[in-house]
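Quick notes on the structure that follows.
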There are 2 protein chains.
Amino acid sequence: MKAQPETKEEPRVPLSRERVLHAAVALADEAGIESLTMRRLADKLVSEAMSLYYHVENKEALLDGVADLILGEIIHVTSKVEGPADQWKTTLRSKVLAAREILLRHPWAPQLIQSRTNMSPSSMRYFDSLIGLLLDAGFSIDLTHHAMHALGSRALGFTQEMYDDSTAPDEETIAMLLEQVADEYPHIATMVKGITHDAETTLGWCDDQIEFEFGLDLILDGLERRREKKRSPGR
Amino acid sequence: MKAQPETKEEPRVPLSRERVLHAAVALADEAGIESLTMRRLADKLVSEAMSLYYHVENKEALLDGVADLILGEIIHVTSKVEGPADQWKTTLRSKVLAAREILLRHPWAPQLIQSRTNMSPSSMRYFDSLIGLLLDAGFSIDLTHHAMHALGSRALGFTQEMYDDSTAPDEETIAMLLEQVADEYPHIATMVKGITHDAETTLGWCDDQIEFEFGLDLILDGLERRREKKRSPGR
DNA sequence: ACCTGAACACCGTTCAAGT
DNA sequence: ACCTGAACACCGTTCAAGT
């Protein structure tokens with residue numbers, strides 16, 4: 001009886017870099033990245049701001065660690081997506097869409113990842129796997145290099161949307177507002193009025209997933225064509 | 001003589017929203033966006049932090065204004081780029097590259113523009129003009145809509161580069177570092193070693209301009225093909 | 001109408017001190 | 001080895017007061 005810890009108080013898990021980083025992700029998920037301050041993170045861990053500095057060099061290092069944690073998730077999930085070398089396109093597509101699913105759960109992550117100079121081990125491993133995929137599929141080294149740049153952040157499953165419709169008003173309100181300024185932005189007005197609405201995606205007039213896949217396929221198709229252009233002369 | 005202002009002291013131009021915003025851009029250009037604080041901006045204007053609040057609601061509004069100022073520059077320059085409707089591709093290309101030139105002079109601007117919910121008049125006008133360009137060229141409304149999403153921030157002349165090579169070490173150092181971890185990232189190592197170096201762009205192994213244009217052309221080509229696919233059946 | 005100073009709440013971080 | 005409290009420099013912003 002005596003040996004058992006007192007049931008009244010929490011076991012008081014000691015801090016660790018792991019715990020700090022995971023708590024940071026949780027805090028950002030719950031309250032947004034702007035709420036991630038050293039003091040509030042410490043509160044969440046029932047500790048003091050200064051205690052964090054024992055496990056993390058400073059706030060920049062904390063953010064680096066958080067970004068790497070997310071990238072670690074991505075590489076973990078995407079590494080399971082495999083396929084034969086001649087089907088590079090569907091394999092790459094699936095990997096990217098798998099990455100996207102993770103980032104959709106952490107809406108603050110894209111901006112954070114962009115802002116870091118991303119030479120972290122996790123992102124290196126991820127890009128290494130994508131490069132290997134293309135080289136194995138017979139891409140030239142130069143084209144592979146171009147492909148990585150052309151994909152850019154899309155390779156990680158996100159494009160920074162120009163208009164963030166998560167905070168946007170509903171479709172009807174937009175249509176109404178737009179009516180008022182239709183003479184100033186005639187083409188936008190035409191476009192919004194004329195867009196085909198799928199019955200299924202009636203949520204908003206921009207289905208992010210569809211637009212993401214459209215853009216991704218545009219690039220993948222273009223890469224495929226450029227790959228074949230180089231090969232066909234010898235044919 | 002008496003009527004003239006004393007030559008000794010500055011004319012003491014009064015503050016204005018215009019002056020505040022332009023000073024903010026200048027400060028960000030000189031010292032980086034993280035140096036743009038109300039207090040330092042006031043210093044630059046030989047004034048007090050609180051005085052700024054008379055011309056700008058708060059810091060968020062200041063940043064909105066700054067973003068809009070840059071977008072204003074872009075629309076000003078790109079509106080001069082014109083061409084016949086059947087040459088939508090080269091016209092659009094030129095507009096985008098013109099926008100890019102402006103953003104290259106304000107390296108902090110892409111991130112700022114991304115972070116704002118971009119319904120500002122300037123950005124609306126810009127996108128309106130691009131949409132008009134495509135509609136005039138015979139794009140369907142749906143394809144025009146997809147096109148705007150696919151271009152995304154590229155329409156404004158930037159893609160958030162995954163690896164910021166402005167802070168990266170020189171090519172030789174990278175090659176050396178990479179040698180040490182070649183077994184961990186074999187494909188990256190292969191790629192970096194094998195990339196063709198143009199004699200002219202020997203500055204670094206990634207020429208941002210070339211990569212930007214490659215990605216842009218990939219998308220423009222893809223859009224062109226999808227446009228023709230829709231038309232050819234009736235042909 | 002336009003500007004300012006003192007004051008407040010909240011940052012990240014240093015440093016010396018506790019166990 | 002790990003954690004903490006007081007203190008510092010620096011934020012954005014409110015508010016009452018100056019011209």
Side-chain angles (χ1 to χ4, degrees), chain A residues 5-6 8-69 108 111-112 115-117, chain B residues 5-6 8-69 108 111-112 115-117:
Chain A
E6 303 179 35
K8 210 56 183 294
E9 61 188 26
E10 300 286 329
R12 188 80 162 101
V13 195
L15 288 180
S16 68
R17 187 178 156 84
E18 293 278 286
R19 271 193 76 211
V20 169
L21 293 182
H22 278 97
V25 170
L27 182 54
D29 283 343
E30 292 159 16
I33 192 76
E34 76 283 354
S35 302
L36 178 50
T37 70
M38 299 303 268
R39 282 169 164 90
R40 285 203 238 183
L41 180 54
D43 273 0
K44 196 179 164 67
L45 289 161
V46 200
S47 179
E48 300 298 318
M50 301 315 122
S51 309
L52 303 178
Y53 284 81
Y54 194 86
H55 302 93
V56 129
E57 202 179 327
N58 51 30
K59 193 176 180 184
E60 284 299 292
L62 172 75
L63 292 177
D64 283 341
V66 168
D68 211 48
L69 206 62
W108 45 269
Q111 248 213 348
L112 178 68
S115 70
R116 311 277 105 195
T117 24
Chain B
E6 303 178 38
K8 209 59 185 285
E9 62 189 24
E10 300 286 330
R12 189 80 165 101
V13 195
L15 288 179
S16 70
R17 187 179 156 83
E18 293 278 285
R19 274 194 74 212
V20 170
L21 294 182
H22 278 97
V25 170
L27 183 54
D29 283 343
E30 292 159 16
I33 192 74
E34 77 283 354
S35 303
L36 177 51
T37 70
M38 299 303 270
R39 281 171 164 89
R40 284 203 239 184
L41 180 54
D43 274 359
K44 194 179 167 65
L45 288 162
V46 200
S47 178
E48 300 298 318
M50 301 314 122
S51 310
L52 303 177
Y53 285 82
Y54 194 85
H55 302 94
V56 129
E57 203 179 327
N58 51 32
K59 191 174 182 186
E60 285 297 294
L62 172 76
L63 293 178
D64 284 340
V66 167
D68 211 48
L69 206 62
W108 45 269
Q111 247 213 350
L112 179 67
S115 71
R116 311 277 104 195
T117 23

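A note on names: the letters A, B, ... follow the listed sequences, proteins ahead of strands, and every chain is numbered from 1.
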Sub-3.5 Å pairs of nitrogen or oxygen atoms, protein against nucleotides 17-19 of chain C:
none

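Of the side-chain N and O atoms in A:S47, one or more sit less than 4.0 angstrom from OP1 or OP2 of D:dT4.
Nearest heavy atom pair, residue B:V66 against residue B:A24, reads CG2-CB, 3.6 Å. For the residue pair B:R17 and B:G65, the shortest heavy atom distance occurs at NH2-CA, 4.0 Å.
Comparing D:dC3, D:dA6, C:dG12 by their closest approach to the side chain of A:R39 singles out C:dG12. Residue A:E48 has its side chain nearest to D:dT4 when only D:dT4, D:dT13, D:dC11 are considered.
Atom CG in A:D43 sits roughly 14 Å away from atom C1' in C:dC11 (whole-Å rounding). Remark: P of C:dC2 and CE of B:M50 are 18 Å apart, rounded to the nearest angstrom. We find that CD of B:E34 is positioned 14 Å from C1' of D:dC10, with the value rounded to whole Å. Atom pair A:L52:CG and C:dC11:P shows a separation of 13 Å (rounding to whole Å applied).
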Which atom pairs, donor and acceptor, lie under 3.5 Å between side-chain atoms of residues 33-42 of chain A and protein residues at least two apart or in another chain?
{"unit_1": "A:S35", "atom_1": "OG", "unit_2": "A:A31", "atom_2": "O", "d": "2.8"}
{"unit_1": "A:T37", "atom_1": "OG1", "unit_2": "A:R40", "atom_2": "N", "d": "3.1"}

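Applying the side chain to side chain donor-acceptor pair (under 3.5 Å) rule to A:D64 yields the partners A:R116; only residues at least two apart in sequence or on another chain are considered. Every residue meeting the side chain to side chain donor-acceptor pair (under 3.5 Å) condition with A:D29, not counting sequence neighbours, appears here in chain and number order: A:H106, A:W108. Here A:K44 pairs with A:E30 under the side chain to side chain donor-acceptor pair (under 3.5 Å) rule; sequence neighbours left out.
Residues in residues 49-58 of chain B take part in these side chain to side chain donor-acceptor pair (under 3.5 Å) pairs, two or more places apart or across chains: B:S47-B:S51.
Taking for each of A:S51 and B:R40 the nucleotide of DNA chain D with the nearest heavy atom, the 5'-most of the two is the partner of A:S51. Annotation: of the two residues near DNA chain C, B:L15 and A:S35, the 5′-most nearest-nucleotide partner is B:L15.
Every stem involving DNA chain C, taken as at least 3 paired positions in a row under the Watson-Crick or G-U wobble test at 3.5 Å, is listed here: C:4-8 with D:12-16, C:12-16 with D:4-8.
A donor-acceptor pair under 3.5 Å is absent between the side-chain atoms of B:R19 and the main chain of B:L45, judged by distance alone.
Contact annotation for B:M38: backbone-only contact, meaning every heavy-atom pair under 4.0 Å involves sugar-phosphate atoms and none involves a base. Using a 4.0 Å heavy-atom criterion, one finds that A:T37 contacts the sugar-phosphate atoms exclusively.
Proximity of A:L52 to A:L62: side-chain heavy atoms (C-beta onward) are nowhere separated by under 4.5 Å.
Less than 4.0 Å separates DNA chain C from at least one heavy atom of each of the following residues of residues 53-67 of chain A: A:Y53, A:N58, A:K59.
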